[in-house]
Amino acid sequence: MAEPSTLEQATLKQAGKLVAIYPGSFDPITNGHLDLIARASRLVGKLIVAVLRNQGKSPLFSIEERTEMLREVACPYSNVEIGSFDGLLVDYAAQRGANLIFRGIRAISDYEHELQMALMNRRLRPEIETAFLMSGEAYSFVSSHLVKEVASLGGDVSGLVPPVVAERLKRRVARPAV
Ligand code: PNS
C-alpha cells in the first residue's frame, strides 16, 4: 500500500484529535449500534457513547443497566467511553469537549427525523457537526424496539444483540406460564 501523503497524514493527525458523541436510548444496545460504534471509533480520537437519561417513554432497562451493558460490549474499543446525559444533547457535547455527533442511518425512512434533529442541533450550537454513518446492511432492519417485541413474545434474538444482552433480555421478559 502507498505511504500516506503529507495532506493525508495531516488529516489523520487532525482526526485523531476529534472527540465525537454517539447518542441514543440504547434500550438495549443492538448489534447495529455496536457496528456503528466500531465504525465511528475508527474515525476519531475519542468516541463518547452517550445514553439519554430522561426519557418520556418508560425504558425496559434502567440507565445503570444500559450503561453497564454498553461498557461490557464496548470494552474492545480502547478509545470509547460510555456516558449518560439529560437535557440538550448539544450542551452535553459541548461540556465533554465534543464537536461531532454521529448518528446511524439504517434506511431512508430514518433520514427525515435524523435531518430534523441534526438541523435543530446545528441551530442550537452551530459549531457542532452531525455526521451520519450507514449501519452495516446485515443490521438494517434491527432496532431496539423490534428486538424487545420479539424477545417478549418468545422469539430468538441471538445474532441481533450481543450475547450478554440476549441473556438479560431473556431474564427481563421471562413471564410465568399461565
Ligand atoms: O436512540 P434514539 O432514541 O433514537 O436517540 C434519540 C436521541 C437521544 C439522540 C435524542 O432524543 C436526543 O438527542 N435527545 C436529547 C434532547 C435534545 O437535545 N433535543 C433537541 C435536539 S433534537
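We count ligands from 1, going down the list as the structure has it; atoms in each ligand are counted the same way.
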Polar-atom distance check: N121 versus ligand 1, any N or O pair below 3.5 Å? no

Does any N or O atom in S25 lie less than 3.5 angstrom from one in ligand 1, N or O only? yes

Heavy-atom contacts with [X] under 4.0 Å: which atoms of ligand 1 show up? List them by number with element.
X: G87; value: 15 (C), 16 (C)
X: F85; value: 15 (C)
X: L89; value: 13 (O), 17 (C), 18 (O)

Minimum heavy-atom distance P28-K148, with the two atoms named: CD-CG, 4.0 Å

Does Q116 reach ligand 1, in the sense of a heavy atom lying below 4.0 Å from it? no

So is A50 touching ligand 1 or not, going by heavy atoms under 4.0 Å? no

Is the side chain of [X] donor-acceptor paired with the backbone N or O of [Y] at a distance under 3.5 Å, no angle test?
X: D110; Y: I105; value: no
X: R66; Y: V51; value: no
X: N31; Y: Y139; value: no
X: R106; Y: S135; value: no
X: D27; Y: P59; value: no
X: R96; Y: A20; value: no

Side chain, backbone, both or neither: which part of L124 comes within less than 4.0 Å of ligand 1 when only heavy atoms are counted? neither

Residue selection (non-hydrogen contact nearest atom 20 (C) of ligand 1) among L88, D110, L52, D86: L88

